[in-house]
Amino acid sequence: MTSDRIALVDVNNFYVSCERVFDPRLEGRPVVVLSNNDGCVVARSAEAKALGITTGAPWFQLQAQAKAWGLVARSSNYELYGDMSARVMEVVGRFGTWQEVYSIDESFVGLLGDAAQLEATGRDIRAAVMRHVGVPVCVGVAQTKTLAKFANRIAKQNPALAGVCALDSMPAGHVHAIQERVPVSGLWGVGGRTATRLKMLGIETIADLKAADPALIRKKFSVVLQRTVMELNGTECIPHTEERVDKQQIMFSRSFSTPVTTVDGMEQVMAVYAQRGAARLNEAGLRASTMTITAGTSRFAAGEGSFPATTIRFATPTQDPIVLVRAAVAAIGQSAVPGASYLRAGVMFNGLEPLSGPEMLDVFAAPAGQPGVGDVLGEVRTKFGGQAIGLGFGGLAEPPSWSMKRELSSPKYTTEWAELPVVRA
DNA sequence: TCTGGGGTCCTAGGACCC
DNA sequence: TCTGGGGTCCTAGGACCC
């Protein structure tokens, strides 16, 4: 019987797998990839997981044992991961009747076929991605997205399945037995808070939740969890959106490598961050009607922190870096507390609209058809690299002392001519 | 000394309108 | 000045995801 099914394809330990493609010595060793500023662990190889290293573990706490464990750490290299992601998505997309890219390492694709064909297609996808990109993927196939996620989890945890699990080709009793063992928190869309509240109602496993009354769940929780219950029972409730819906917000936020303690310093930070945000707006072809700036001291320090946040509304939506930088600097100047030890800051844009949309009268805007400042900056960056040009502090060749730290980074193997891998034969 | 960054969706409540 | 229902839009906050 031919059925319409959904496959969830994701890359195992994606960041680590990308590093391994270009450095095979990492194969078989415990490897972690760190967050910005080399702060904490964001990805782990199977060997690192086996050592008990958790996601979010601070690197400074692991460093002492790293040598004894033979543990290798890499800074995150988003240029590399982004490019590898695009390659994986392109290969996976060839197999589907539709494709929705869900995250940097996951996509849902539509498959048609009977149980045996679905499973065979899963194996073909795995082989193709390994051959063309070099990273291992797992495939879960089922009737709904929630179940496809669940099947993918089974594929990952059960080595005998060799990375592919199509629920249609498993005996129903077997599937049910697994659902009776796995706690609800292992389910897509059910986090810790909801799991705790469900437990009080005696709902602990996926099987419990599947058998729950959807109407009751909606009343006691939300329409979101009700959809989960229905999806567990085979009714599709979460639509697939092939083309990315328009973004609702754009952010740029970063922690510093060293604290910033002066208002002047925070103004420098904002000048740089507002520019980075403006560049993102320009790339997306959007302008914003509000900008929210945030900053924060340590969440872990004793005493009261300072977490200024200010929203600025623009009479005319804009993506002009000069306007945005001025507004951000003025706002932080008013809200930053002198002497506070700031560790992070961010810029967020909301109320987005396309650049090509109806123009309101603004005597300072570039005349129609002429490039604005953002376009010119973007063009220079495309030709000469991201660091080539900037306004004020954003244009310094030598980055300020608080800039992000990435000491253990691999080269941008696939996106910079100067950093291409060298092969000797 | 050191603890990520970037998002989405839903809901409740307030402002405002007819 | 008070009375009333019904509706939209916006924002803040919660929960979750990778």
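By convention in this document, chain letters (A, B, ...) are assigned in the order of the sequence lines, proteins followed by strands, and residues within each chain are numbered from 1. All values below come from the heavy atoms of this structure, side chains included, with hydrogens, waters and symmetry mates left out.
- Sorted by first and then second residue, the pairs that involve residues 182-193 of chain A and meet side-chain hydrogen bond (donor to acceptor under 3.5 Å, both in side chains), not counting sequence neighbours, are Tyr102(A)-Trp188(A).
- Remark: Asp10(A) engages Lys156(A) in a salt bridge, criterion side-chain N to carboxylate O under 4.0 Å.
- Classification of Glu79(A) and Arg406(A) as a salt-bridged pair holds, one side-chain N sitting under 4.0 Å from a carboxylate O.
- When the C1' atom of dG4(B) is taken as reference, atom CZ of Arg406(A) falls 13 Å away, rounded to whole Å.
- Looking only at side-chain heavy atoms (C-beta outward), Val347(A) and Met291(A) come within less than 4.5 Å of each other.
- A side-chain donor-acceptor contact under 3.5 Å links Asp105(A) and Ser103(A).
- Asp105(A) comes within 4.0 angstrom of the backbone, heavy atoms only, and of no base.
- For Lys149(A), a side-chain nitrogen or oxygen approaches OP1 or OP2 of dC18(C) to under 4.0 Å.
- Between Tyr15(A) atom OH and dG4(B) atom P there is a gap of 15 Å when expressed in whole angstrom units.
- Atom CD of Glu100(A) and atom C1' of dC18(C) are 14 Å apart (whole Å).
- Of the candidates dG6(B), dC18(C), dG7(B), the closest approach to any side-chain atom of Arg254(A) belongs to dG6(B).
- Contact annotation for Phe14(A): no contact, since no heavy-atom pair falls under 4.0 Å across all strands.
- Comparing Pro259(A) and Arg280(A) by the nucleotide of DNA chain B whose heavy atom lies nearest to each, the residue mapping closer to the 5' end is Pro259(A).
- Within 4.0 Å (heavy atoms only), Ile104(A) reaches no atom of the nucleic acid at all.
- A side-chain N or O of Asp38(A) and one of Ser75(A) form a donor-acceptor pair less than 3.5 Å apart.
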Please set out all donor-acceptor pairs under 3.5 angstrom arising from side-chain atoms of residues 322-341 of chain A, sequence neighbours excluded.
unit_1, atom_1, unit_2, atom_2, d
Ser335(A), OG, Ala331(A), O, 2.9

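- Here dG5(B) presents its C1' atom at 10 Å from CZ of Arg344(A), a figure rounded to the nearest Å.
- Remark: C1' of dG4(B) and CZ of Phe252(A) are 12 Å apart, rounded to the nearest angstrom.
- Interface residues of residues 58-81 of chain A facing DNA chain C, ordered by number: none; criterion, heavy-atom separation under 4.0 Å.
- By the 4.5 Å heavy-atom criterion applied to side chains, Leu62(A) and Trp69(A) are counted as neighbours.
- Aromatic ring orientation, Trp402(A) versus Tyr273(A): perpendicular (interplanar angle above 60°, classes split at 30° and 60°).
- The distance from atom CD1 of Ile238(A) to atom P of dC17(C) is 11 Å, rounded to the nearest whole Å.
- Salt bridge annotation for Arg287(A)-Glu353(A): present, with a cationic side-chain nitrogen under 4.0 angstrom from a carboxylate oxygen.
- The aromatic ring centroids of Tyr15(A) and Tyr78(A) lie less than 6.0 Å from each other.
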Atom pairs, N/O to N/O, protein against nucleotides 10-13 of chain B, distance under 3.5 Å?
unit_1, atom_1, unit_2, atom_2, d
dC10(B), OP1, Arg227(A), NH2, 2.5

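- Using a 4.0 Å cutoff on non-hydrogen atoms, the parts of residues 181-213 of chain A near DNA chain C are Leu187(A), Trp188(A), Gly189(A), Val190(A), Gly191(A), Gly192(A), Arg193(A), Thr194(A), ordered by number.
- Only the P atoms considered, dT3(B) is 25 Å distant from dC18(C), to the nearest whole Å.
- When only modelled atom types and interatomic distance are considered, Ser410(A) and Asn77(A) share a side-chain donor-acceptor pair under 3.5 Å.
- Between the side chains of Asn13(A) and Lys49(A), at least one donor-acceptor pair of N or O atoms lies under 3.5 Å.
- Salt bridge present: Glu100(A) and Lys145(A) bring a charged side-chain N and a carboxylate O closer than 4.0 Å.
- Across the protein-nucleic acid pair, Leu343(A) atom CG and dC2(B) atom P stand 7 Å apart, rounded to whole Å.
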Note, DNA chain C 5' to 3' with Watson-Crick or G-U pairs under 3.5 Å encoded as ( ), [ ], | and . gives ....||||||||||||||
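- Inter-residue side-chain proximity for Met348(A) and Phe252(A) is flagged as unmet; no heavy-atom pair is nearer than 4.5 Å.
- Atom P of nucleotide dC18(C) and atom CE of Met89(A) are separated by 13 Å, given to the nearest angstrom.
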